[in-house]
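So you know, we letter chains A, B, ... as the sequences are listed, proteins then strands, and number each from 1.
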There are 2 protein chains.
Amino acid sequence: MAKAAAKLKKIEREPLWDLAHVQLRDALLAGHFAPGRALPLRDLAESFGISITPVRDAITRLVAQGVLQQGPRNAAVVPTLTVRELRNLTIVRCELEGRAAREAAANADPKGLQALQAGLRTMQDMIERESLTRYLDVHREFHFGIYAMADIPVLLEMVENLWLRCGPVLSFVVPHYVLLRKGTDHHAAACDAIRRGDGAAAEAEIVADIEGAARYLESLADAHGIIQRSAVASVRPGGS
Amino acid sequence: MAKAAAKLKKIEREPLWDLAHVQLRDALLAGHFAPGRALPLRDLAESFGISITPVRDAITRLVAQGVLQQGPRNAAVVPTLTVRELRNLTIVRCELEGRAAREAAANADPKGLQALQAGLRTMQDMIERESLTRYLDVHREFHFGIYAMADIPVLLEMVENLWLRCGPVLSFVVPHYVLLRKGTDHHAAACDAIRRGDGAAAEAEIVADIEGAARYLESLADAHGIIQRSAVASVRPGGS
DNA sequence: CTCCGTTGTTTGTTATAACAAACAACAAGC
DNA sequence: GCTTGTTGTTTGTTATAACAAACAACGGAG
C-alpha cells in the first residue's frame with residue numbers, strides 16, 4: 001500500500017548537489033563572496049551540512065558554466081572581473097540580448113506583454129518609493145520576460161549564463177544606477193517597441209540599456225573595488 | 001596509444017576527470033554515440049579503466065555545458081537534435097560567429113591571416129584530392145582561427161560550446177557538403193574581407209556559410225536519421 | 001491468457017577514507 | 001639575520017561501499 005501511495009503521489013526529491021548548486025549560485029549573485037576568494041570544498045560542505053561530494057559536483061558545474069574559475073590548485077575561486085572582460089561580456093550581451101528582443105517583437109503574445117507592463121509599473125513604483133530591496137528581482141524578471149518571448153531556449157540559456165557571469169557586479173550597481181532614472185525609459189521604450197512589433201527598435205533599446213549600465217559601471221570601476229583595472233588582481237603578500 | 005602510454009607511465013599528471021572529459025567530448029564529436037543513447041556511469045568507468053567518480057565529474061561538466069542532456073533518471077543521454085533546435089542553434093551561431101568575424105576584421109594580424117590562408121589552401125587541396133579524413137580538423141581550425149582573431153575570450157568560449165552542441169551532426173554532413181564546393185567560396189571571401197578590414201562583409205560571408213550548411217543539413221534531415229523531426233526521439237528497446 | 005505483485009538487477013547519489021601535492025611554519029645551519 | 005630543509009596541515013582527487021529509486025523478469029491468481 002505504501003508502494004501504491006508512493007506511485008500515486010510521485011515524490012520529487014531534489015538531489016543535494018542541485019541544492020548546493022542553487023545556494024552557491026544565489027550567494028554568488030548576491031555578492032556574498034568577494035572576487036578572487038577561494039572556496040574550499042570542505043568549508044562549503046560543512047556550512048551546507050552535507051558531504052563534499054555534492055558540493056564538488058555543484059562546483060564542477062559552476063566552473064563548467066564559467067560562473068566560477070579554477071585557481072592554481074584547481075581550487076574554485078570567484079572570478080575577478082577586469083574592465084576588459086566586462087567590455088567583452090557587454091559586447092556578447094548586446095549581441096544576444098538584442099537578438100532576443102528582436103525575436104520577442106516578432107512573436108509577442110498578449111499575456112507576456114501584460115506581464116511585462118506589470119513589471120514595468122512595479123519597477124516605477126519601487127523607484128518612486130525608493131524601496132529597491134526587491135527591485136533586482138523584478139528587473140531580472142522583466143528582462144527575462146522579454147528574452148523568454150523569443151522562444152529560443154539556447155539563446156535564453158546563454159543569456160542566463162552571461163547574467164551569472166557579471167552577476168555580482170551588476171547586482172551591486174543596478175540599484176544605484178536606476179535611481180538616476182537612466183534605465184527606465186529604455187525599458188518602457190523596449191516594451192512599447194515589442195508591442196508594436198518593431199524588432200529593430202526593441203533591439204536598439206535593449207542594447208542602449210545594456211551599454212548604458214555598462215558605461216556607468218565602468219565609470220565606477222575605480223571608486224569601488226568591484227572590478228579590477230589590471231588583470232593580475234592577486235593578493236599582494238608584501239606591502240603595508 | 002598515447003593514452004595507454006600515459007596510463008602505463010607517469011608522464012603527465014593531468015587529472016583523470018579531465019581525461020574522461022576529453023575522451024567523452026571527442027567521442028561525441030566523432031559521432032561515436034547514437035543520439036538518445038544513455039551513458040551509464042559504470043560502463044564508461046569500466047571502458048576507461050577508472051572509477052566512476054571522475055567519470056561522473058566529466059559527465060556533470062558536459063551536462064552543464066549543454067553538450068549532454070540528462071534523461072528521466074538523471075542519466076546522461078546524448079542529445080537528439082530536432083529541426084527546431086538546429087534552427088535555434090543556427091540563429092545563435094550566426095549572431096555570435098558573425099560578430100566574431102566582424103571583430104576579427106577590425107583587429108586582424110598578419111600572422112593569423114597567413115595561417116588562415118594556409119588553411120584555405122589545405123582545404124582546397126583536400127577537396128581536389130577528395131581526401132576528407134582530416135578535413136574536419138582543418139575546417140575547424142580555419143573557423144576558430146577567425147574567431148580567435150576577435151580577441152574576445154567569452155565569445156570564443158561560447159562559440160566552442162555551440163560547435164560542441166551541434167558537433168556530431170555537423171561533423172557527419174560537412175564532408176558531404178563540402179564536396180559540392182558550396183562552402184569554400186564563403187571561406188575564401190571571408191578571409192579576403194578580413195584582410196581588407198571589411199567587417200560587414202566578413203560577417204555576411206560567415207553567416208552565409210553557416211546558414212548554407214544548416215540549410216543543407218536540414219534538407220538531409222529525413223534522408224539520414226541524424227536529426228529528428230519530432231521531439232520525442234525515443235530509444236527503441238527492440239532488436240539490434 | 002492476462003494482469004498484478006514480488007523480486008533481483010541496474011543505476012544514479014552520497015558519504016567516507018586513503019592519497020598526493022602544495023602551502024605554512026618552524027627549526028637548524030651558514 | 002637570512003636562507004633552507006623538514007614537517008604538519010590544508011585541500012583537491014580518486015576509489016569504494018552503502019543506499020534508494022526505477023526498470024525487468026518471473027511467477028501466481030483470476
Side-chain angles (χ1 to χ4, degrees), chain A residues 1-24 33 36-64 68-79 234-238, chain B residues 3 6-24 33 36-64 68-79 234-240:
Chain A
M1 316 188 187
K3 210 177 219 177
K7 194 172 181 180
L8 287 176
K9 282 210 60 167
K10 195 89 171 187
I11 309 167
E12 45 204 80
R13 191 177 59 75
E14 201 173 6
L16 285 184
W17 63 272
D18 217 337
L19 290 179
H21 175 254
V22 171
Q23 290 200 27
L24 227 33
F33 298 122
R37 170 179 165 180
L39 300 175
L41 257 49
R42 288 172 176 83
D43 293 2
L44 294 176
E46 190 180 6
S47 76
F48 291 158
I50 57 180
S51 163
I52 68 170
T53 311
V55 177
R56 185 177 161 71
D57 276 9
I59 294 236
T60 301
R61 178 187 267 201
L62 287 170
V63 169
L68 287 179
Q69 294 174 346
Q70 45 187 17
R73 182 63 188 73
N74 277 1
V77 295
V78 7
S234 65
V235 251
R236 289 274 285 279
Chain B
K3 89 184 166 187
K7 193 175 179 182
L8 288 176
K9 306 166 75 173
K10 284 198 305 183
I11 304 176
E12 294 282 338
R13 269 190 291 282
E14 202 175 3
L16 285 185
W17 64 274
D18 216 338
L19 289 179
H21 174 255
V22 171
Q23 290 200 27
L24 269 177
F33 297 123
R37 170 178 166 181
L39 299 175
L41 286 167
R42 288 171 176 82
D43 292 3
L44 294 176
E46 190 180 6
S47 76
F48 292 159
I50 58 179
S51 163
I52 68 170
T53 311
V55 176
R56 186 176 158 73
D57 277 9
I59 295 252
T60 301
R61 176 185 271 201
L62 288 169
V63 169
L68 287 180
Q69 293 174 346
Q70 45 187 17
R73 179 72 185 68
N74 276 1
V77 296
V78 5
S234 65
V235 249
R236 289 272 288 281
S240 63

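- Distance CD (B:E46) to C1' (D:dA15): 15 Å, rounded to an integer number of Å.
- Comparing D:dT11, C:dT16, C:dT14 by their nearest atom to the side chain of A:P54 picks out C:dT14.
- Rounded to whole Å, the distance from CG on A:L41 to C1' on C:dT14 is 14 Å.
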When you look at A:V55 and A:Q23, which way does the side-chain contact (heavy atoms from CB on, under 4.5 Å) test go after all the steps?
CA-CA 10 Å; A:V55 177; A:Q23 290 200 27; over 6 Å; no

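- Each of D:dT13, D:dT16, C:dA15 was ranked by its minimum atom distance to the side chain of B:I52; first place goes to D:dT16.
- At whole-Å resolution of the value, CG in A:D43 and C1' in D:dT11 are 10 Å apart.
- Nearest heavy-atom pair across B:R56 and A:D57 is NH2-OD2, 2.6 Å.
- Contact between A:P54 and A:I50 at its shortest, heavy atoms only, is CG-CD1, 3.8 Å.
- Remark: P of C:dG12 and CG of B:L68 are 12 Å apart, rounded to the nearest angstrom.
- Taking all atoms of both residues into account, the shortest heavy-atom contact from B:G71 to B:V77 is N-CG2, 4.1 Å.
- Of the listed nucleotides (C:dA15, D:dT16, D:dA15), C:dA15 has the atom at the smallest distance from the side chain of A:L16.
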side-chain contact (heavy atoms from CB on, under 4.5 Å) evaluation trace for A:L19 with A:F48:
CA-CA 9 Å; A:L19 290 179; A:F48 291 158; over 6 Å; no

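- Note: CG (B:D57) to P (D:dT13) measures 8 Å, nearest angstrom.
- Over its full length, the helix from C:dC1-D:dG30 to C:dC30-D:dG1 turns its helical axis through 0°, comparing axes from the five pairs at each end and rounding to 10°.
- Of the residues in residues 69-76 of chain A, those lying under 4.0 Å from DNA chain C by heavy-atom distance are A:R73.
- The two residues A:A76 and A:L68 make their nearest non-hydrogen contact at CB-CD1, 4.2 Å.
- In this entry the distance linking CZ of A:F48 with C1' of C:dA15 reads 17 Å, nearest Å.
- The side chain of A:T53 places no N or O atom within less than 4.0 Å of a non-bridging phosphate oxygen (OP1 or OP2) of C:dT14.
- When all heavy atoms are compared, the tightest approach of B:P40 to B:A38 is CD-O, 3.4 Å.
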Between B:T60 and B:Q70, does a side-chain contact (heavy atoms from CB on, under 4.5 Å) hold up when you go through it step by step?
CA-CA 10 Å; B:T60 301; B:Q70 45 187 17; over 6 Å; no

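- Nearest nucleotide to the B:W17 side chain, out of C:dA15, D:dT13, C:dT13: D:dT13.
- In this structure, A:E14 places its CD atom 15 Å from C1' of C:dG12, rounding to the nearest Å.
- Counted within 6.0 Å of CD on B:E46, heavy atoms from surrounding residues, nucleotides or ligands total 12 or fewer; the atom is thus considered open.
- Residue A:R42 places a side-chain atom within donor-acceptor reach of the base of D:dG12, judged by atom type and a 3.5 Å distance cut-off alone.
- Rounded to an integer number of Å, the gap from A:L39 CG to D:dT10 C1' is 15 Å.
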